[in-house]
S.K.: 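Once you've had a glance at the structure underneath, I'll fire off some questions.
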Amino acid sequence: MSDDRTAELARAIDTLRDRRAVLRGAAVAGLAGVSVPLLAACGGSDDAGSTPSSGGTTSAPASAPTSAPSAPSSSGTPSSGGGGAVLGPTSDVPVGGGKVFDKIVVTQPKAGEFKAFTAVCTHAGCLVRTVENNTINCPCHGSKYSAEDGSVQGGPAPAPLAAIPVTVQGGNILGPA
């Protein structure tokens, strides 16, 4: 019996040493400057690089356009800047609503009128999630934007969503070229 207890105690000590080694290794890696991915404060997306800047001001996330592109197409006719990759079918975007395609939110404020904006909230860099009753909604802190022009309608957002040019061709919404 004594040998069984001794073996069991030896296994427990080895396990404890292994755990300590892992923790010690993680601490050393942290001190050495090895970065470990952390969860963003604003969840709900796979956009780990969009975090607000520290300090008293908020800068635009790295993925947000730095200047507003030309106005998006308001109909099915091509506009400058559109005609790139297919974002999705027009049937996915309800009238008075919209849909988020990756980092672009496409809205249809009126039947046949499609508009697009960056889906990155100007408050903290979260991705907007829903479009209902002609309002684009960010789930992180409650910012709301107009589906018509991207202007701030409520919440802590400091600036409107930047317009993105899109075109409609063959029942598909095409993003920027």
Side-chain angles (χ1 to χ4, degrees), residues 37-54 56-177:
L38 299 175
L39 296 175
C42 295
S45 77
D46 59 355
D47 187 19
S50 294
T51 56
S53 65
S54 58
T57 61
T58 302
S59 64
S63 59
T66 54
S67 63
S70 62
S73 173
S74 61
S75 67
T77 59
S79 67
S80 64
V86 174
L87 297 176
T90 57
S91 60
D92 281 1
V93 183
V95 176
K99 180 168 171 93
V100 178
F101 297 98
D102 195 25
K103 293 184 181 177
I104 298 175
V105 58
V106 178
T107 65
Q108 188 175 188
K110 299 174 190 148
E113 179 181 50
F114 294 90
K115 302 209 172 186
F117 309 94
T118 177
V120 180
C121 178
T122 60
H123 171 242
C126 298
L127 290 182
V128 298
R129 180 137 334 132
T130 62
V131 183
E132 297 166 341
N133 300 319
N134 281 320
T135 303
I136 302 167
N137 307 296
C138 180
C140 294
H141 303 106
S143 293
K144 296 183 179 298
Y145 303 90
S146 166
E148 179 74 34
D149 61 9
S151 63
V152 177
Q153 300 297 302
L161 296 175
I164 294 178
V166 293
T167 58
V168 174
Q169 187 175 45
N172 287 317
I173 301 163
L174 306 178

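Values reported hereafter were calculated over all heavy atoms of this structure, with side chains retained and with hydrogens, waters and symmetry mates removed.
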S.K.: To the nearest 0.5 angstrom, please state how far the CG atom of Asp92 sits from the NZ atom of Lys99.
M.R.: 5.0 Å
S.K.: Please tell me whether Cys126 and Cys138 are bridged, where bridged means their SG atoms are separated by under 2.5 Å.
M.R.: no
S.K.: If you look at every heavy atom in Ala147 and Thr135, which pair is closest and at what distance?
M.R.: CB-N, 4.2 Å
S.K.: Enter the distance from Arg129:CZ to Asn137:CG here, rounded to the nearest 0.5 Å.
M.R.: 11.0 Å
S.K.: Write down the atom of Ala119, the atom of Val105, and the distance for their closest heavy-atom approach.
M.R.: CB-N, 3.9 Å
S.K.: So, Gln169 side chain and Ile173 main chain: donor-acceptor pair closer than 3.5 Å or not?
M.R.: no
S.K.: Grab the two heavy atoms, one from Glu148 and one from Lys115, that are nearest each other, plus how far apart they are.
M.R.: O-CD, 2.9 Å
S.K.: Can you list the steps and then say if Ser151 with Asp149 is a side-chain hydrogen bond (donor to acceptor under 3.5 Å, both in side chains)?
M.R.: CA-CA 6 Å; Ser151 63; Asp149 61 9; 2.8 Å; yes
S.K.: Check whether any side-chain heavy atom of Val128 lies under 4.5 Å from a side-chain heavy atom of Phe117, and answer yes or no.
M.R.: no
S.K.: What are the two closest non-hydrogen atoms of Ser143 and Ala157, and how far apart are they?
M.R.: OG-N, 3.1 Å
S.K.: Please report the interatomic distance SG(Cys140) to CG(Leu127), rounded to the nearest 0.5 Å.
M.R.: 8.0 Å
S.K.: Would the distance check show the side chain of Thr107 and the main-chain N or O of Pro109 forming a donor-acceptor pair, the cut-off being under 3.5 Å?
M.R.: no
S.K.: Enter the distance from Ile104:CD1 to Leu161:CG here, rounded to the nearest 0.5 Å.
M.R.: 12.0 Å
S.K.: Grab the two heavy atoms, one from Tyr145 and one from Ala159, that are nearest each other, plus how far apart they are.
M.R.: CE2-O, 3.5 Å
S.K.: To the nearest 0.5 Å, how far apart are OG in Ser91 and CD in Gln108?
M.R.: 10.0 Å
S.K.: Quick one: are Pro176 and Ile164 in side-chain contact, heavy atoms under 4.5 Å?
M.R.: yes
